[in-house]
Amino acid sequence: MRIARFSIDGNVAFGAVEGDQPDQLVLDIIKGIPFADFELSGTKVPLSKVRLLPPVLPNKVVAFGRNYAEHARELGNEVPDAPFAFFKPSTSVIGPGDAIQYPSFSEELHHEAELAVVIGRMCREVPRERVKDVIFGYTCANDVTARDVQRREKQWARAKGFDSSCPLGPWVETDLDPGDLTIQLTVNGAQRQLGRTSEMIHSIEDLIVNISEAMTLLPGDVILTGTPAGVGPLNVGDEVAVSIEGIGTLTNKVVKRG
Ligand code: MG
């Protein structure tokens with residue numbers, strides 16, 4: 001099931017996305033929240049009549065770095081033996097169609113297409129065989145990075161945590177085997193990144209075991225799983241789109257921060 005979060009007439013709701021034709025999708029409004037048992041209301045609205053929001057409002061976004069060997073190499077980094085994580089704050093999250101605001105303190109903004117895992121239940125110290133039980137679903141993410149700032153500053157709070165640096169969407173796909181999906185990114189329609197999730201060094205199980213050893217994960221928390229090779233610059237006016245097989249396409253425009 002594809003679950004979107006959206007606003008209509010000033011109200012925020014979740015809905016199940018129905019249909020196959022991109023211009024004829026319909027939302028069946030969910031009663032309650034999708035992290036608990038929920039029912040579909042049967043009240044349907046065309047997707048074209050609503051504004052899609054970030055599909056979840058995470059308490060935290062935990063992002064893993066250098067999880068595709070070719071990407072680690074393209075930036076001159078070693079492939080890490082163990083997963084390593086950093087945070088993107090909740091205030092970095094934006095939804096499909098929202099603007100990526102080019103920060104004033106950077107001159108080298110980069111895109112990073114990533115598969116995002118959405119956590120479905122509160123959990124800690126998750127054993128490998130239980131990881132699938134704590135996953136709600138999957139969505140597309142762009143780990144937008146001020147690369148010049150990342151090189152200058154040891155901690156990446158500013159480089160990867162500025163407002164609008166974490167586009168998520170367009171919705172969460174709950175029925176998906178994430179093991180070998182095409183992940184690609186275009187800028188103004190030209191392909192920049194292309195990879196497969198099977199190229200991850202550390203699997204989704206590894207990543208969730210690793211982070212949940214350290215901290216409690218909450219429903220709606222998001223885990224970013226690393227980016228394939230091909231990262232590169234974003235400029236004001238660019239339209240950047242992350243597409244993942246079986247999920248959909250997340251599109252955002254880059255604007256000057258006002
Ligand atoms: Mg990244």
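Numbering of ligands and ligand atoms starts at 1, following listing order. For the single chain, residues carry numbers from 1 onward in sequence order.
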Query raised in the report: Which distance, rounded to the nearest 0.5 Å, do you find between the CD of Glu213 and the CZ of Arg124?
Result: 11.5 Å

Report task. Could you check if a side-chain atom of Phe162 sits within less than 4.5 angstrom of a side-chain atom of Val144, using non-hydrogen atoms only? Result -> yes

Report summary line: Per ring-ring contact (aromatic ring centres under 6.0 Å, His included), Phe136 is matched among Trp171, Phe38, Phe35 by Phe35

Query raised in the report: Passes side chain to side chain donor-acceptor pair (under 3.5 Å), Lys160 versus Thr145? Steps please.
Result: CA-CA 5 Å; Lys160 283 175 171 282; Thr145 300; 2.8 Å; yes

Query raised in the report: Same cluster for Val254 and Leu185 if Ile/Leu/Val/Met/Phe/Trp/Tyr side chains link at under 4.5 Å?
Result: yes

Requested in this report: Answer yes or no: is there an ion pair linking Lys44 with Glu18, defined by an N-O contact shorter than 4.0 Å?
Outcome: yes

Report summary line: Within a distance under 2.8 Å of the Mg ion (ligand 1), the protein atoms of type N, O or S are Glu112 OE1, Glu114 OE2, Asp143 OD2

